[in-house]
Every structure is written in structure tokens, then in C-alpha cells.
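Here's the structure we're looking at; comments come further down.
The sequence lines fix the lettering, A, B, ..., with proteins before strands; numbering per chain opens at 1. Model, not experiment: these values are computed from the prediction.
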Amino acid sequence: MIDIANVVGSGDLDVELDIAEVELDLDLPYTEYDPSNYHGLYVRLAKGGPLITVYRSGKYIISGCSTFELLYESNDRFLTELSELEIVDTNVETDFTVKNLVCTAQLDDTVDLNTLSIALGLELVEYEPEQFPGLIYRPTDHAPVLLVFANGKIVITGAPNIDAAEDAFNHLKEQVTAYFGS
DNA sequence: TTTTGGCCAACTTATATACGGCTACGAG
DNA sequence: CTCGTAGCCGTATATAAGTTGGCCAAAA
């Protein structure tokens with residue numbers, strides 16, 4: 001079983017924006033625009049909620065969602081706010097899509113990461129415990145990258161959808177089972 | 001030699017994971 | 001004063017975005 005920690009999506013409003021003005025027009029309590037720090041406008045619809053980063057080009061990113069539902073709901077609310085200000089049409093098509101999923105999972109047992117490096121194939125693994133305690137695994141036939149920790153905890157990142165994340169995790173489990181036995 | 005252009009990389013955000021190092025604070 | 005602990009930072013991963021700065025080379 002894997003859990004979603006973060007979902008990231010992006011879309012395109014297809015209009016050039018004066019983001020300083022957009023910040024004023026939105027009149028929301030949790031926005032931030034500091035070009036000396038970063039050129040994107042940060043918008044949160046709720047305190048501590050998902051972050052929407054808006055660019056001059058009209059492209060935007062939503063990150064920090066723990067569910068797909070929250071991601072799409074945030075997108076809808078954001079577009080509603082913008083259409084109420086007549087910045088975009090009510091039925092604007094932004095081609096909003098999920099770009100990255102960060103998930104966590106757990107192996108049944110602890111793992112010796114040095115042994116696992118050999119089992120997975122040294123050319124697909126990065127493991128430098130003095131630099132970072134997790135083993136980094138980039139499977140050949142799976143898009144996600146997996147971080148494996150000695151206590152059996154796993155982080156799966158870079159998946160475009162939940163199936164890709166699950167497939168990558170199942171692949172890792174098969175490798176572990178095949179090499180270490182069940 | 002100086003200026004200009006092009007290219008690439010870092011920057012920022014969220015998030016889980018965990019380890020070493022550092023700072024700060026409280027207690028003995 | 002010293003020791004222990006707690007909390008935070010940097011280490012690394014992916015991804016979208018656009019700007020900016022650095023570096024190198026070529027032209028003036």
C-alpha cells in the first residue's frame with residue numbers, strides 16, 4: 001500500500017498577466033509576490049493550504065496537495081477566482097494536468113542498503129550514506145525514482161499517476177523478494 | 001581588450017524519507 | 001559552567017514554471 005504525500009499539477013491560462021496587479025485584484029490574505037526573491041506570484045486559497053505559483057506568461061503550478069481531489073478542487077477554485085475578476089473566461093481551458101506524485105510506502109522488513117545496491121544493479125543505484133542516508137534507485141523500465149531507507153521506508157517520486165507509482169513500488173518489492181527471499 | 005551574445009544552470013515551492021552537524025536552551 | 005536534548009539545516013529526489021547570473025567565446 002502506498003500513500004500520497006504530494007501531488008503537483010500545472011496548467012496554462014493562455015493570457016499574459018501583470019502578476020503584481022493580479023495579486024492586488026485577488027485580494028486574498030495568503031499571497032506573496034517578491035520579485036527580488038522569485039519572479040512567480042504565490043497564491044494560497046487557505047492558510048497552510050496548497051501553493052499556486054503563477055507566472056507572467058499565464059502558466060501556473062499547484063503543489064502541496066495530499067490528494068488528487070484537493071488538487072483539482074484548488075484548481076477549480078483558483079480559476080473561479082480569476083473568472084470572477086474577468087482575468088479569464090468562465091469556461092477557460094487550461095489543460096491542467098498532474099505532473100508529479102510523491103508517495104511513501106513501506107517494505108515488510110529492514111534492508112541492508114549495501115546488499116540492495118548489488119541486487120538492484122550498481123549502475124542503477126546511488127548510495128552514499130555519508131552524503132544521504134537513502135539509497136536512490138532509478139529503475140530502467142519505470143519513470144519514478146525510489147528512495148530506499150534501511151528501516152524499509154520508501155519514497156517514490158516522479159510518477160505522473162498513481163499506477164506508475166504502484167508499478168514502480170511493486171517492481172522494487174519483487175527485486176527485494178527475489179534477492180533476499182520472503 | 002572590451003563588449004556582446006548565447007547557453008546552461010541555479011533559483012523557488014511542496015512533500016515524504018533520515019542522518020550528521022550545529023545552535024540554543026534548560027537543568028543540574 | 002557544563003552537559004544533554006531538542007529543534008533546525010543541509011544533504012538528495014521529482015516536477016512544473018521564467019528569470020537571472022555566470023561563464024565562455026567570438027566579434028568589434
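- Of the candidate nucleotides C:dT15, C:dA12, C:dA14, C:dT15 has the atom lying nearest to any side-chain atom of A:Lys99.
- A close approach under 4.0 Å does occur between a side-chain nitrogen or oxygen of A:Arg138 and OP1 or OP2 of C:dT13.
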Can you give the donor-acceptor pairs under 3.5 Å from side chains of residues 121-137 of chain A to other protein atoms, not counting sequence neighbours?
from	atom 1	to	atom 2	distance (Å)
A:Glu126	OE2	A:Arg138	NH2	3.2
A:Tyr137	OH	A:His171	NE2	2.7

Side-chain donor-acceptor pairs under 3.5 Å in residues 25-41 of chain A, sequence neighbours left out?
from	atom 1	to	atom 2	distance (Å)
A:Thr31	OG1	A:Glu23	OE2	3.1
A:Asp34	OD1	A:Ser36	N	3.3
A:Asp34	OD1	A:Ser36	OG	2.6
A:Tyr38	OH	A:Tyr55	OH	3.1

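- Distances from the side chain of A:Asn100 to the nucleotides B:dA14, C:dA16, C:dA14 place C:dA14 closest.
- Using a 4.0 Å cut-off, no side-chain N or O of A:Gln131 falls inside it from OP1 or OP2 of C:dT11.
- The phosphate of C:dA17 (OP1 or OP2) has no side-chain N or O of A:Ser10 nearer than 4.0 angstrom.
- Under a 3.5 Å cut-off, the side chain of A:Ser83 and the backbone N or O of A:Glu86 do not form any donor-acceptor pair.
- Side chain of A:Val8, nearest nucleotide from C:dA14, C:dT13, B:dA14: B:dA14.
- Between the base of C:dA14 and the side chain of A:Thr157 there is a donor-acceptor pair shorter than 3.5 Å.
- Between the side chain of A:Asn100 and the backbone N or O of A:Val8, no donor-acceptor pair lies under 3.5 Å.
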Below 3.5 Å between N/O atoms, which protein atoms pair up with nucleotides 10-13 of chain B? Just atom names and distances, please.
from	atom 1	to	atom 2	distance (Å)
B:dT12	O3'	A:Tyr42	OH	3.2
B:dT12	O2	A:Tyr38	OH	3.3

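- Between the side chain of A:Asp95 and the backbone N or O of A:Gly11, no donor-acceptor pair lies under 3.5 Å.
- Taking atom CD1 of residue A:Ile62 and atom P of nucleotide C:dA14, one finds them 23 Å apart after rounding to whole Å.
- The distance between atom CD1 of A:Ile154 and atom P of B:dT15, rounded to the nearest whole Å, is 21 Å.
- Cluster membership for A:Ile61 and A:Val54, using ILVMFWY side-chain heavy atoms within less than 4.5 angstrom, is not shared.
- When the C1' atom of B:dA14 is taken as reference, atom CD1 of A:Ile4 falls 14 Å away, rounded to whole Å.
- Counting heavy atoms from C-beta on, the side chains of A:Pro139 and A:Leu146 come closer than 4.5 Å.
- Both A:Arg56 and A:Gly9 sit near DNA chain C, but only A:Gly9 has its closest nucleotide nearer the 5' end.
- Nearest to the side-chain atoms of A:Val145 among the listed nucleotides C:dG18, C:dT11, C:dT13 stands C:dT13.
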Any chance you could lay out the side chain to side chain contact (heavy atoms under 4.5 Å, CB included) test for A:Val43 and A:Val22, step after step, and finish with the verdict? CA-CA 10 Å; A:Val43 177; A:Val22 171; over 6 Å; no

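- If you measure from atom CD1 of A:Ile136 to atom C1' of B:dA16, you get 14 Å, rounded to the nearest angstrom.
- Atom CG in A:Leu41 sits roughly 14 Å away from atom P in C:dG18 (whole-Å rounding).
- Here A:Glu126 lies in heavy-atom contact (under 4.0 Å) with sugar-phosphate atoms only.
- Residue A:Ile19 contributes atom CD1, which lies 9 Å from atom C1' of C:dG18 at whole-angstrom precision.
- Distance A:Glu130 CD to C:dA12 P: 13 Å, rounded to the nearest Å.
- For the pair A:Ile2 CD1 and B:dT17 C1', the interatomic distance rounds to 15 Å; values are reported in whole Å.
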